Amino acid sequence: MTEKPEEPTAKEPEDRDETEWFDRPVRSIARPWREELARRLAAVGTLGPDERNTLLEAGHTALLRSLHAKLSRLFLIELHALRMTADHSPTAEGTSQTWAAFIEQAGDDGYLDRLAAERYPTLGRRVTSVAQLSVTATATFAERLAGDRELLTTLLGAAPGRLRAVAFGEGDSHRGGLTVSRADFTGGTVMYKPRPSRADVALGELLDDIYADFPASPAPQERIRVPRILARDGYGWAEFVAHRYCADDAELAAFYRNVGHWLAVLRLTGGTDMHAENMIAAGPVPVIVDAETLFDAPAPFPPSGRGDAVDVAAAAIRRTVLRTGLLPVRGTGFALGGVDISGIGALPGQQPLIPNPVIADGGTDAARFQVDLVAMPTAGNHPTPTPVLSTYWDRILAGFREMTAQLRRRPGTDPYRLLRRFEGAQARRILRPTQAYVDIGRMLWHPASLHDEPAAVERARDMLRRNADVLPGAPRDRAAIDGEIAELLAGDVPMFTFTVDTAAVRATVEDWRSADLAFEESVIQDALVGAYLNERTLPGRVRAPAWDPHARDRERRRRDLAAQMVRRLCDGAVRGEDGTVTWISPVFTPAGWSIRVLPADLYTGQGGVALALAEYLTEVRAGRAHEVPGVAETYEGALRVLISTEDHTPTPSAGAFSGAASQVWTWLALHRVLGDKRLLERAAGRAPLLVDNSLVEDDVEVDLLNGAAGGIVPLIGLASATGQDRWLDAAAHIGRRLTGLATVDASGARWTTRLNPEGIGGFAHGATGIGWALARLALGGAGSAADRRDWSRLAELAFAYQESLYRPEHGNWLDVRIGTEEDFFTSWCHGSAGIGIGMLDLHRRTGEAAHLDMARRAAHACAAEGFGWSHTLCHGDLGSWELLTALDFADRAGLDAEILTGLEQRGPVGGLAREAFSPSLMSGLAGVVHTLLRMHPESDLPNPLLLEST
């Protein structure tokens, strides 16, 4: 007996779920498959009538959602084709006769067949394939459930009872519409995994073995684990792990210690892809719920063209715990650029909005596809609603050390024996990012692809080939690529598996045994520091000022400290056999902070470090610094990498500290320091990136650090150094664009960004920095007289907006960034130091009393904050030192004493995690070297905080 499908309930257009706009035609298409599924379920004799109905509705719903997602664009095309052939007026309900007529037409039996015959020859076959796989997957689930029901007692601790609900599609679809699914019984909940589960069982046994003699072993309910598994032939059932937030600080500390344990275990087993959806926080226990990606063997990358040091550093990173997927890391692709999906990352407030195609104006003639920016969905990986990794990074590191020591000291235990239990298990390799498959799969279901499938398949082949060019290990041969495309045509995400054998176990153990544990620990620290920085809050206000700061023997101490710091900078370098030099560190990118080989930029990149080394060499020649062996060779090797990185990698932005303008300014500064004409020629060679280029035209940040505003002052400096007015013309073009993008109201002028759509103040990212750049432009010879008046007026409005944020009772300017935990800062990037440095620069150029007044108020705020936070130019003591010394705000000897004594007593502190090594200019060791050199009264080194170059 065939069950009658339920008619959809009418909803108002604004209440419609995204998958329901074309609900009626999709249901019509799916009707015979619903009937087929009902017949298949009727054959499963041990199911009760209500259970069959539950499975029927769940399977049917999964098919409807799948078909709606694949066919919506086709329906929209056909809707507009109908509109062009008819003259329908809007109805009272605000829809239209065309919409209603189309829904009626598309819901008729045979509509899909007519479309296939007229325009989309493969449409029917494609839909049939998707539907048949969906029906088979649901029916197979039902058969396995019926056969295994009584066995599920081992997972539930009681008889399962009646099936109450099923949720298909808990993850990507693989190999014929198979998805992880959730089954709710009256006796509890289990998860269905339509793949072999032996690896999960073996990992659980491994953990039991490790903890059997673990020193001070945690209670069984408090240690890391995987769900209990009922392994069957080719599939399995898993315990359902419910997410639970930690009850108190003790549980939070245990959770993060356990994360360290997981890092050590996954480093041993070659685990990867442990992203946010693969881990559940169950109170103090992080539970890995999908352990299919073990025994990973990273494919070797071809030479980067940036030098042997870069290749050595990149290979070292790929071997570390970063590949587990647990540690925070930022995506770099278009759709997921800046997104962190890691097991302990994906922190609230850090995720950028991501593009998501939606149907706009559904139910009307104007219905269309558009891409909206939406928030990333949350997962159950966090132990608290507001996780702050910076509070517990030491617990993660301690857990890693503790578990690694346990694995290495187990008496009489051979790691081969520990891991041989995995031999014969099936494991998975992630050879391409899932997002690449999603994008190509979406393209293959586009109406144009359905109209000409051979051409679409060839486009897909080309995309997959080009993907393999930049992703070693990804399939390249025609047969493998065609296999991937065949799965995508059926709506699946391709999956690559292998059987773990003795060779895989031995290779994984050898990789673990040869690991550089000190480097692994530094990578963990740096990754957590990156996440801390991505929280968009500065370090907690726990000051550690120098005790008994003094200026005695100041010059000797300055020289000694500068020599120590530059030696430490050289010692931390990665060196190649070809003489190239680079570093590994958390680096700042437009997508956020991430640990990687240094890019080319000034802020955390190769350019800033090379500049500090060049400055040290210059001060040695001038007799103002001690000679340190190896600095010259390190500088030459770093410079080679800087050039090759600029030449071989895309420049990510226009900004003065992260992008093209930072490259121009770095070479200008090197020219000022060293006087080599070739360095000025290199600056001019990078400047075209700021002329008639998408970096400026498509820029949406527009700020000084990342955006187009950062191009103005370096271009002015380049025009002055070369005598070429074309660079002033380029700066003027940026000024005009900034004028058009400004938001002006009663409070003044500001500019919107993706993270701060209302606009903010401050120097690096806000109105003050952009206004300063426009004021500098107005003071030069760029543009027309009218342009310069406009820029000057707009700059004053930007300063007025900054002043609107001043709070006299606090003696500082309010920070209005979204997500900040504090209201007032004294940093260069977002606080009073940057405001004061910029305003003092303009006062010196114009004599404006208002600028000097702002600079003095900023200095008062910095002095009130005091020293002892961090030794950084961007957000610490060194930025405050620059302002206070430039303004002669306090006794110079006393200011120097604070920096010198603090460095002697604490060592260089980044304000993040003291031991984390950062070589960078703006947030690390190179900035300390630079400031110590600038302390000499005769030093004439350029000031990066003002982009001085001449």
Side-chain angles (χ1 to χ4, degrees), residues 2-5 8 19 21-43 55-78 103 105-143 168-169 172-179 181 194 437-438 440-457 460 482-495:
T2 301
E3 299 186 34
K4 180 180 178 182
T19 62
W21 286 116
F22 297 108
D23 183 68
R24 180 175 171 184
V26 169
R27 283 180 178 271
S28 177
I29 293 167
R31 185 175 299 117
W33 300 105
R34 178 187 172 96
E35 294 168 355
E36 170 66 16
L37 178 58
R39 285 191 293 271
R40 296 277 298 270
L41 293 175
L55 286 165
L56 177 63
E57 293 305 323
H60 185 55
T61 298
L63 176 58
L64 291 176
R65 288 183 175 274
S66 176
L67 291 177
H68 197 286
K70 293 174 174 61
L71 298 176
S72 289
R73 282 177 297 181
L74 182 143
F75 287 147
L76 286 171
I77 289 288
E78 294 302 315
I103 295 299
Q105 181 184 104
D108 290 344
D109 291 340
Y111 176 72
L112 210 63
D113 293 335
R114 292 195 298 274
L115 286 184
E118 296 170 1
R119 287 183 288 280
Y120 310 108
T122 62
L123 177 60
R125 173 175 54 80
R126 296 271 297 277
V127 169
T128 295
S129 176
V130 169
Q132 185 64 65
L133 290 174
S134 178
V135 166
T136 299
T138 302
T140 300
F141 171 87
E143 292 162 359
F168 293 114
D172 297 323
S173 169
H174 301 293
R175 296 183 172 175
L178 302 177
T179 65
S181 305
Y437 287 132
V438 170
I440 295 173
R442 188 177 291 128
M443 180 275 291
L444 287 170
W445 279 90
H446 191 277
S449 300
L450 293 169
H451 175 69
D452 188 353
E453 185 176 293
V457 167
D482 282 354
E484 292 176 285
I485 293 172
E487 292 192 71
L488 291 169
L489 289 170
D492 282 341
V493 172
M495 183 169 70

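Reckoned from all heavy atoms, side chains included, excluding hydrogens, waters and symmetry mates. Predicted, not measured: the structure shown is a model, and the values here were computed from it.
T138 is not listed as a side-chain neighbour of L63, based on a closest heavy-atom distance of 4.5 Å or more. Side-chain atoms of Q105 and E78, non-hydrogen and from C-beta on, never get closer than 4.5 Å to each other. Side-chain contact between L115 and L450 is absent, with no heavy atoms from C-beta onward closer than 4.5 Å. Looking at T140 and L178, their side chains never come closer than 4.5 Å, going by heavy atoms from C-beta outward.
If you take CZ on R442 and CG on L488, they are separated by 12.0 Å, rounding to the nearest 0.5 Å. Atoms OG1 and CZ, from T61 and R34 in turn, are 8.0 Å apart once rounded to the nearest 0.5 Å. If you take CG on D482 and CD on E487, they are separated by 12.0 Å, rounding to the nearest 0.5 Å. Note that CG of L67 is 11.5 Å distant from CG of D23, once rounded to the nearest 0.5 Å. Residue S134 holds its OG atom at 10.0 Å from NE2 of H60, rounded to the nearest 0.5 Å. Residue D113 holds its CG atom at 12.0 Å from CG of D108, rounded to the nearest 0.5 Å.
Note: H68 and F22 have tilted aromatic rings, judged against thresholds of 30 and 60 degrees for the angle between ring planes. Between Y120 and H451, the ring-plane angle classifies as perpendicular under the 30° and 60° cut-offs.
For the pair R126 and W445, the cation-pi test (distance below 6.0 Å, angle within 45°) is passed.
M443 and A456 get closest at one heavy-atom pair: CE-O, 3.7 Å. The two residues R31 and D109 make their nearest non-hydrogen contact at NH1-OD1, 3.6 Å. The two residues S181 and F141 make their nearest non-hydrogen contact at CB-CE1, 4.5 Å. Counting all heavy atoms, side chain and backbone alike, A490 lies closest to S129 at CB-OG, 4.0 Å. Heavy atoms only, all atoms of each residue included: I29 and F75 are closest at CD1-CZ, 3.9 Å. Of all heavy-atom pairs spanning P494 and E484, the tightest one is CG-O, 3.6 Å.
Across D452, T122, I485, a single residue satisfies side chain to side chain contact (heavy atoms under 4.5 Å, CB included) together with V457, and that is I485.
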Taking it one step at a time, do V130 and S66 satisfy side chain to side chain contact (heavy atoms under 4.5 Å, CB included)? CA-CA 8 Å; V130 169; S66 176; 3.7 Å; yes
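Salt-bridge formation is detected for the pair R125/E453: a Lys NZ or Arg NE/NH1/NH2 atom is positioned less than 4.0 Å from an Asp or Glu carboxylate oxygen.
Using modelled atom types, one side-chain atom of T128 and one backbone atom of G124 make a donor-acceptor pair closer than 3.5 Å. Formation of a donor-acceptor pair under 3.5 Å by the T136 side chain with backbone atoms of Q132 is found in this model.
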